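Presented below is the structure to which this report refers.
The structure displayed is predicted, hence computed values, not measured ones.
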Amino acid sequence: MPVYKKLRYRTIADILRDKINKGDLLPGKALPSQKELASIFNTSVMTVRQALAILEEEGLISSSHGVGTFVASGEARGRNIRLQGFTDEMEKYKVKITTKVLGRDYSVKNSHIKEILGKHSKGVCCLSRIRLVKDNPIILQRSYLPLQFKEVIKNFKGNQSLYACLSEAAGTLTTGREIIIPVSLPSQEAELLRVQTGTPAFLSYRISYNILNQIILFDEAYITGRRVSVAVKQTGRQHLFHYAVIMDEKQGLPSLLTRPDFWEEV
């Protein structure tokens, strides 16, 4: 590896991830020691450890105390770093979600969304869905994709995971970035979610990257606050985030803070 100027740990993680994805670092290959990596990246061992922690969390590498750090096998990588959609996540917590497809648009005109998905995209298509629990709508979601994946939308069925369908067409989706803000529901969205216009809700914007670090998906989702919570568990510098559907609306949210089954995967 070349010697780099001093870099932050996230940039170091990005460089190593890119080398793994391109095959420059093959499965089973040992990485240089933390001290050697610190010298290569002109940084401290602590910064290197933070970078390696990110890659280990993603399932790209594995460490063995006293032996070294190795690139994970392809099987382990595919299992550990595939992003999960909302339906996948709710299955972990044994919450039954049903999905109704509202529409499929193959000629999205929004220039901002086109810019997000890439200037070289020939067009943008959109899949609109409503998520329900016990016939109660809880999430209105619009998923935007480059037009080259229109067959994925055309063939999508409500009970499928869009992430799984996309992974077959675009490669495993491995990284997501999400911003959530509080909003008052506009009239159209409120009607679809069966609540009054102006009802408080969350609005989530999320982009998803494939294993080649290409943006494949942009999601816009309106989430009803009365049935869905956003939970974050922090351990040191690590943050584990998940959505949770409140099945019993009479149960106070503070009581969930001490329930192990709410925070741990089943």
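- The side-chain contact (heavy atoms from CB on, under 4.5 Å) test applied to S184 returns no partner, not counting sequence neighbours.
- Scanning for ring pair (Phe, Tyr, Trp, His ring centres under 6.0 Å) contacts around F218 gives Y144, with sequence neighbours left out.
- Tracing side-chain contacts under 4.5 Å through hydrophobic residues (I, L, V, M, F, W, Y), one never reaches V45 starting from I61; they form parts of separate clusters.
- Separation of atoms CG (L31) and CG (L52) is listed at 6.5 Å; rounding is to 0.5 Å.
- Under the 4.5 Å side-chain heavy-atom criterion for ILVMFWY residues, a single connected hydrophobic cluster contains both L140 and I181.
- Evaluation of the salt bridge (Lys or Arg N to Asp or Glu O under 4.0 Å) rule for K35 yields no partner, not counting sequence neighbours.
- Scored by the side chain to side chain donor-acceptor pair (under 3.5 Å) test, D14 finds R17 as partners (sequence neighbours excluded).
- Every residue two or more places apart in sequence or in another chain was checked for a side chain to side chain donor-acceptor pair (under 3.5 Å) with K29, and none qualifies.
- Crowding of I179 atom CD1: a count of heavy atoms from other residues, nucleotides or ligands under 6.0 Å not exceeding 12.
- Considering all non-hydrogen atoms of both residues, L147 and Y106 come closest at CD1-O, 3.5 Å.
- Considering only residues two or more places apart in sequence or on other chains, E178 meets the salt bridge (Lys or Arg N to Asp or Glu O under 4.0 Å) condition with R206.
- Every residue was checked against the salt bridge (Lys or Arg N to Asp or Glu O under 4.0 Å) condition with E56, not counting sequence neighbours, and none meets it.
- A pairwise comparison of heavy atoms in L185 and A190 identifies CB-CB, 4.0 Å as the closest pair.
- A donor-acceptor pair is defined here as one N or O able to donate and one able to accept, closer than 3.5 Å; such a pair exists between the side chain of T224 and the backbone of I138.
- Under the rule for a side-chain contact (heavy atoms from CB on, under 4.5 Å), the partners of I215 that lie at least two apart in sequence or sit in another chain are L117, I207, Y209.
- Every residue was checked against the side chain to side chain donor-acceptor pair (under 3.5 Å) condition with K157, not counting sequence neighbours, and none meets it.
- Within 6.0 Å of CD on E151 lie more than 12 heavy atoms contributed by other residues, nucleotides or ligands.
- For the residue pair A13 and L55, the shortest heavy atom distance occurs at O-CD2, 3.6 Å.
- Here the closest non-hydrogen pair linking C125 and P146 is SG-O, 3.8 Å.
- Residues I180 and S204 approach most closely at CG1-CB, 4.1 Å, considering heavy atoms.
- The ring-ring contact (aromatic ring centres under 6.0 Å, His included) analysis of residues 18-40, with sequence neighbours excluded, yields no pairs.
- The salt bridge (Lys or Arg N to Asp or Glu O under 4.0 Å) check on E36 picks up nothing, with sequence neighbours excluded.
- The CZ atom of R104 sits 12.0 Å away from atom OG of S143, with the distance rounded to the nearest 0.5 Å.
- The side chain to side chain donor-acceptor pair (under 3.5 Å) test applied to T98 returns no partner, not counting sequence neighbours.
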